[in-house]
Amino acid sequence: MTAFENVSVTKKANVYFDGKCVSHNITLADGTSKSVGVILPATLTFNTGAPEIMELIEGEAKVTLAGSDETVVYRGGESFSVPGDSSFQIEVVEPVHYVCHFG
């Protein structure tokens with residue numbers, strides 16, 4: 001899928017890590033929440049409240065989930081899951097465009 005249909009978009013952006021990650025929250029007609037954004041080159045640690053699926057649209061990132069010593073490379077077209085109440089470290093060398101699916 002290259003586009004979401006019938007969505008509400010929060011106008012104000014979420015800006016994290018001094019602008020290294022910028023996203024917008026969207027809500028689909030069925031109430032499902034997602035965020036759509038870009039992560040600029042950096043090594044960042046994100047904390048999760050709810051489970052998440054991070055779908056990379058474009059770019060490449062090295063990801064290490066909390067409690068793991070294994071770093072996995074993900075590219076555009078791939079995704080990874082993060083449990084709720086957890087975290088992950090992401091290393092980005094070139095901008096990563098992503099969709100975060102919550103729940």
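- F102 meets the ring pair (Phe, Tyr, Trp, His ring centres under 6.0 Å) test with no other residue; sequence neighbours excluded.
- Closest approach of T48 and S87 over heavy atoms only: OG1-N, 4.3 Å.
- The ring pair (Phe, Tyr, Trp, His ring centres under 6.0 Å) test applied to Y74 returns F80, not counting sequence neighbours.
- D30 is linked by a side-chain hydrogen bond (donor to acceptor under 3.5 Å, both in side chains) to T32, counting only residues two or more places apart in sequence or in another chain.
- A perpendicular orientation is assigned to the rings of Y16 and F46, their planes being inclined by more than 60° (bins at 30° and 60°).
- Remark: Q89 CD to T43 OG1 distance equals 6.0 Å, nearest 0.5 Å.
- T71 is linked by a side-chain hydrogen bond (donor to acceptor under 3.5 Å, both in side chains) to T64, counting only residues two or more places apart in sequence or in another chain.
- Take H101 and apply the side-chain hydrogen bond (donor to acceptor under 3.5 Å, both in side chains) test, not counting sequence neighbours, and it matches K34, E55.
- T10 contributes no side-chain N or O that, together with a main-chain N or O of K12, makes up a donor-acceptor pair within less than 3.5 Å.
- In the model, S35 has no side-chain atom that pairs as donor or acceptor with a side-chain atom of N25 under 3.5 Å.
- Residues forming a side-chain hydrogen bond (donor to acceptor under 3.5 Å, both in side chains) with E91 (at least two apart in sequence, or on another chain): none.
- Across every non-hydrogen atom of V96 and E60, the tightest pair is CG2-O, 3.4 Å.
- Closest non-hydrogen pair, S81 versus I53, comes out as OG-CG1, 3.8 Å.
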